[in-house]
Structures are given as C-alpha cells and as structure tokens.
Chemist: 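One structure, as structure tokens, below. Some questions next.
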Amino acid sequence: MGMMENSATIMAPLLLRNTVKSVLIYANKSLLNLAGKYELLQIIRYLIVTAFLFFLRLFLSFFPSNYLHSLKSGDGYTFKPTQSSYIADSGIGDSGIGRSLWQLLVSVNDIPVSSTKYGIVRSLAERLIEGNNREDVEALREVNRRVLSAAFSRTICRVEAALIEMGTGSGQFRLDRVLRTVRDGVWSGRVREDVSSRLGNSAEKLAAELLWLTQKLVGCGFEEEAVERWASASNLAQLSVVAENRVQGSLVKVSAFLFRRMKDIGLEETEGGNKKRLRQTKMKMLITWLPLLCRGNNGTDIPVLSLSERGELEKILEDAIDMLQHEEQEQVLSLWLHHFTYCPSSDWPNLHASYARWCTTSRKLFFSSIKDVK
C-alpha cells in the first residue's frame, strides 16, 4: 500500500508537467506557423513561452533537486534515476578508473574556483589522466579518450546553458533552444543536471575549463576528436559572438589552439573517403568559428593572442581554405567578408590574399566557360 501511495506521489507532478509541456509545444507549433505573418501572434507566442518557463521554474522549486532520484518509502522502495546519458553513451561506466575520472571532471565543473577544494580536485584529475598516459596501455588510453571527450561535450553544453541563462543570444534562439530542451525531456530523469547552472558554474569559469580540457585531450593524442567536436559546436559558436569579453577570450584561445592542431591532421591520409571526411571537418571548423575570430574581443590591455600568434593563425586559415573545393572556398570567404566588415574595430584575421586568389580562379573559370559556349 505504501509503495502505491509513493508511486502516486511521484506520478502526479510528472503527469502535470508532461500535460503542460505537451500543450505548450502544440500551441507553439501552431503559433509559429502564423507568427511570421502577424506581429500580434509573435507577442502572444512570446508571452505563452515566458509564462510556461515561469511556471516550470516555480513548479520545480517546490521539490528538492534529488526528489525524483532518491525518494524512499518506509518499505524500502526506491525510485532510481536512469544512468547519466554521458556515461551510458560513451561506456565510461565500464571501469572503476573511468567512473572515478568522470566524477573528478564533473566535480571540477561544479565546484566554484574560489573554493580551496577546486584546486585539489583538479590536481587529482590531472594526476589520474597523466598516470593513465604513462602506463602506455591502450585500454587506459581509451579510458582517457572516452572520459575526456564526454567531459568536453558536457562542458560545451554547460557553457551554452550558462550563456543562455545570462541572456546571451537572440530572443528567438533562446526560446527555441529552451523549447527543444523541454521537448527532449531534460526535465525528467535528470532534473536540472545539464540545463540550470549550479553554484560556481559561470560561463567564464566553464569556458576556461573548456580550454583546459582541450589541452588535456590533445595532450593525450586525441586532437582529431577534439577538432571534430569543436567543429560541431555550432550553438556555442553562435552564442559566443555576443558573449562577455572574458568568455570570448577563452573560446578564441580554444579555437586558435585547435586550428593550429588541425593543420597537421590527415597529412598522411591517402584514402579518398578519409581525405573527404577531413576536408569536411576543416570546412565545418571554418564555418563554425570564423565569425568569433572576426568579431570576438581579442583583448585590449592584455591581448588574447600575440601578434606572432595572430600571424601564424592567419597563415593556417589561408592554407585550410586553399585545401577546400572552389564552391566551399566561396562559402567560407563570403562568411569571412561579412563578419570582417561588420566589425570595424578589428582587422583580424585578414584573409585578403585568399580572397584575391579565389577571385582570380573564379575569373579564369568564367573565361573558360565562355570559350566552351562559343
């Protein structure tokens, strides 16, 4: 009997939440189709979403954060949470050493920098990573790869969430992002784990930890995986363009670091499929992070990148563009020109030489097409 009452206690708030969620998503879809035509409907849609988010936050505040995870009745029934998706998807939970390293990296994210425990936990994580590397055992290298890659992806998501909570990005982007989060059920089993920021989870702190995790991934020999994950972080890239200066500084450093590593990836590849995949990854890196390099704050009193680093990165960007197909070059250079001219306070990166080469090639192709027609 006690178990049935406990189940009813659990199911009631979940049923209410799911009902309201379904109604909101249905209403949002209906209004979205018409909102482009009528300004009044855009206002109504915004009010509905705002009211729902207020209700959702108020609703969750009535329950402890571990309510759905550790609720117990007198007869020993426990409502157990599902395994974290990061652990389940990456196989981290297969070994004790993997679970231990994951717990340390999660704690690094969650502990404020001002706490004396922060340095202790981060030092433990570094020693564990370096110890796994020193053993020169492939299985331990794989543990490092899986855990660091999962932590890297998790931190990217937390930086995005922190920037959205700070109000970064357009209103439409924030609404769609939150609605997609709700639709995907983040508020169910993992109440608030990856959406709302915990104590100490400022965007500036998390962005600095992204740089640290990037260096650890590359230091363990997994630069290709780091580049691929960073190239796919398009949501963070959009938010970073209008983020706070110190956040931009860390993200510019991550991008510059990975662009430098990217130039050496795949130099020995001879197979057509692998070469095509690597070219696509480089294309994604350019499309995703060129806007931040053009419009981000690169430091005034203390520059984020030195003059020599900027010159080196410009050369790397030019070489990467030259490796693309002609149509891909046009797409990248058009994007660069838009953001480069949009930000008159910065003259970096200057890809004028690449643009001029592309124009010369385009002119030759144009003449060739005319001759063929004649």
Side-chain angles (χ1 to χ4, degrees), residues 126 129-130 132-134 136 138 140-153 155-156 210-234 236-237 240 249-294 296 298 303-326 328-329 331-333 335-336 348-351 353-355 357-358:
E126 288 180 334
I129 293 167
E130 291 165 4
N132 288 347
N133 249 4
R134 278 197 305 270
D136 198 25
E138 185 58 33
L140 285 175
R141 279 178 48 81
E142 182 64 12
V143 167
N144 274 356
R145 186 192 67 79
R146 289 185 177 187
V147 178
L148 285 170
S149 296
F152 187 71
S153 295
T155 306
I156 286 175
L210 257 182
L211 177 60
W212 175 69
L213 285 169
T214 303
Q215 292 166 342
K216 293 301 172 188
L217 257 176
V218 172
C220 290
F222 307 122
E223 57 267 13
E224 187 170 345
E225 181 144 358
V227 167
E228 287 180 355
R229 289 179 182 269
W230 194 242
S232 300
S234 55
L236 178 58
S240 70
S250 291
L251 300 182
V252 166
K253 286 181 179 179
V254 174
S255 299
F257 182 72
L258 290 178
F259 270 117
R260 284 196 291 268
R261 293 292 174 173
M262 185 182 73
K263 71 182 176 67
D264 298 324
I265 294 175
L267 292 179
E268 299 177 358
E269 290 287 350
T270 56
E271 297 182 13
N274 287 339
K275 291 187 72 173
K276 181 180 179 181
R277 180 179 59 82
L278 289 169
R279 193 189 77 244
Q280 290 173 343
T281 298
K282 292 182 179 183
M283 173 73 173
K284 283 174 64 178
M285 271 287 285
L286 290 164
I287 292 293
T288 301
W289 292 105
L290 257 182
L292 174 64
L293 296 183
C294 291
N298 294 306
V304 173
L305 300 175
S306 67
L307 286 175
S308 61
E309 288 175 327
R310 293 188 190 190
E312 179 193 8
L313 190 54
E314 277 185 355
K315 181 66 169 61
I316 291 170
L317 293 173
E318 288 180 351
D319 290 343
I321 292 170
D322 288 344
M323 292 178 64
L324 301 177
Q325 295 179 350
H326 187 72
E328 293 172 334
Q329 289 183 18
Q331 188 178 349
V332 170
L333 289 169
L335 180 73
W336 163 77
W348 182 84
N350 189 344
L351 303 179
S354 289
Y355 194 86
R357 284 195 297 272
W358 178 85

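The model shown is predicted, which means the values in this text are computed figures rather than measured ones.
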Chemist: For Phe222, does the CZ atom have more than 12 heavy-atom neighbours from other residues, nucleotides or ligands under 6.0 Å away?
Modeler: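 Above 12, so yes.
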Chemist: Just by modelled atom types, is the Gln325 backbone N or O under 3.5 Å from a matching donor or acceptor in the Glu328 side chain?
Modeler: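 Checking the backbone N and O of Gln325 against the side chain of Glu328, a donor-acceptor pair under 3.5 Å is found.
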Chemist: Nearest 0.5 Å please: distance from the NZ atom of Lys263 over to the CD1 atom of Ile316.
Modeler: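 Rounded to the nearest 0.5 Å, the NZ-CD1 separation comes to 5.5 Å.
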Chemist: If you look at every heavy atom in Glu314 and Asn350, which pair is closest and at what distance?
Modeler: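 Taking every non-hydrogen atom into account, OE2-N, 2.7 Å.
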Chemist: State whether the number of non-hydrogen atoms from other residues, nucleotides or ligands found under 6.0 Å of Arg261 atom CZ is greater than 12.
Modeler: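 No, the 6.0 Å shell around CZ holds no more than 12 heavy atoms from other groups.
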Chemist: Below 4.5 Å, heavy atoms only, C-beta onward: do Leu236 and Trp289 meet side chain to side chain?
Modeler: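 Sidechains of Trp289 and Leu236: in contact.
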Chemist: Kindly give the heavy-atom pair with the smallest separation between Cys220 and Asn144, and that separation in Å.
Modeler: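 Minimum heavy-atom separation between Cys220 and Asn144: SG-ND2, 3.9 Å.
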Chemist: Taking the side chain as every heavy atom from C-beta outward, state whether Glu309 and Val304 have any pair of such atoms under 4.5 Å apart.
Modeler: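 No, every pair of side-chain atoms sits at 4.5 Å or beyond.
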Chemist: Identify the heavy atoms of Thr288 and Ala233 that sit nearest to each other, and give their distance.
Modeler: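 Taking every non-hydrogen atom into account, CG2-O, 3.9 Å.
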Chemist: Considering only NZ, NE, NH1 and NH2 on the basic side and carboxylate oxygens on the acidic side, decide whether Arg277 and Glu228 come within less than 4.0 Å.
Modeler: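 Glu228 and Arg277: salt-bridged.
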Chemist: Please report the closest heavy-atom contact between Thr155 and Leu213, naming both atoms and the distance.
Modeler: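 Closest approach of Thr155 to Leu213, heavy atoms only: OG1-CD1, 3.3 Å.
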Chemist: Tell me, please, which residues at least two apart from Glu312 pass salt bridge (Lys or Arg N to Asp or Glu O under 4.0 Å).
Modeler: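 Result, salt bridge (Lys or Arg N to Asp or Glu O under 4.0 Å) vs Glu312: none returned.
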Chemist: Do the non-hydrogen side-chain atoms of Lys282 and Met323 ever get within less than 4.5 Å of each other?
Modeler: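 SC-SC contact between Lys282 and Met323 confirmed.
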Chemist: So, taking the atom named CG in Asp322 and the one named CG in Leu317, what distance separates them when rounded to the nearest 0.5 Å?
Modeler: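 The CG atom of Asp322 sits 11.0 Å away from the CG atom of Leu317.
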Chemist: Can you tell me how far apart OG (Ser240) and CG (Leu292) are? Round to the nearest 0.5 Å.
Modeler: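 The CG atom of Leu292 is 4.0 Å from OG of Ser240, to the nearest 0.5 Å.
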Chemist: Looking only at the side chains, is there a donor atom on one of Ser354 and Arg357 sitting less than 3.5 Å from an acceptor on the other?
Modeler: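 A pair is found: one side chain offers a donor N or O, the other an acceptor, under 3.5 Å apart.
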Chemist: So, are Arg145 and Glu138 salt-bridged, with charged N and O less than 4.0 Å apart?
Modeler: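 No.
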Chemist: Drop me the distance from Gln329's CD to Met283's CE, to the nearest 0.5 angstrom.
Modeler: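 If I round to the nearest 0.5 Å, the distance is 9.5 Å.
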Chemist: Trp358 vs His326 aromatic rings, parallel, tilted or perpendicular, using cut-offs 30° and 60°?
Modeler: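 Plane angle under 30°, so parallel.
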Chemist: So, for Leu148 and Ile129, which heavy atoms are closest and what is the spacing to 0.1 Å?
Modeler: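 Scanning both residues completely, I find the closest heavy atoms to be CD2-CD1, 3.7 Å.
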Chemist: Checking Trp336 side chain against Pro349 main chain: does a donor-acceptor pair fall under 3.5 Å?
Modeler: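 Yes, Trp336 side chain to Pro349 backbone: donor-acceptor pair under 3.5 Å.
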Chemist: Using side chain to side chain contact (heavy atoms under 4.5 Å, CB included), reason through Gln280 and Lys284 one step at a time and then give a plain yes or no.
Modeler: CA-CA 6 Å; Gln280 290 173 343; Lys284 283 174 64 178; 5.6 Å; no
Chemist: For residues Ala226 and Leu217, report the shortest heavy-atom separation together with the two atoms involved.
Modeler: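 Heavy atoms of Ala226 and Leu217 come nearest at CB-CD1, 4.0 Å.
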Chemist: What's the separation between atom CG in Leu324 and atom CG in Leu286, rounded to the nearest 0.5 Å?
Modeler: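 Rounded to the nearest 0.5 Å, the CG-CG separation comes to 6.0 Å.
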Chemist: Do Pro291 and Leu335 make a side-chain contact, defined as non-hydrogen atoms from C-beta onward lying under 4.5 Å apart?
Modeler: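 Yes, side chains in contact.
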Chemist: Going by salt bridge (Lys or Arg N to Asp or Glu O under 4.0 Å), name the residues that satisfy it together with Glu126, two or more places apart in sequence or in a different chain.
Modeler: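 So Glu126 forms a salt bridge (Lys or Arg N to Asp or Glu O under 4.0 Å) with Lys216.
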Chemist: Would you check if Val227 and Phe259 make a side-chain contact, meaning some heavy-atom pair closer than 4.5 Å?
Modeler: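 Sidechains of Phe259 and Val227: no contact.
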Chemist: What is the distance from atom CZ of Arg141 to atom CG of Asn132, rounded to the nearest 0.5 Å?
Modeler: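 It comes to 11.0 Å.
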Chemist: Which residues pass the salt bridge (Lys or Arg N to Asp or Glu O under 4.0 Å) test with Glu223, not counting sequence neighbours?
Modeler: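 With sequence neighbours excluded, Glu223 shows a salt bridge (Lys or Arg N to Asp or Glu O under 4.0 Å) to no residue whatsoever.
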Chemist: When you compare the side chain of Leu251 with that of Trp230, does any pair of heavy atoms fall below 4.5 Å?
Modeler: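 When only atoms from C-beta onward are counted, Leu251 and Trp230 do touch, with a gap below 4.5 Å.
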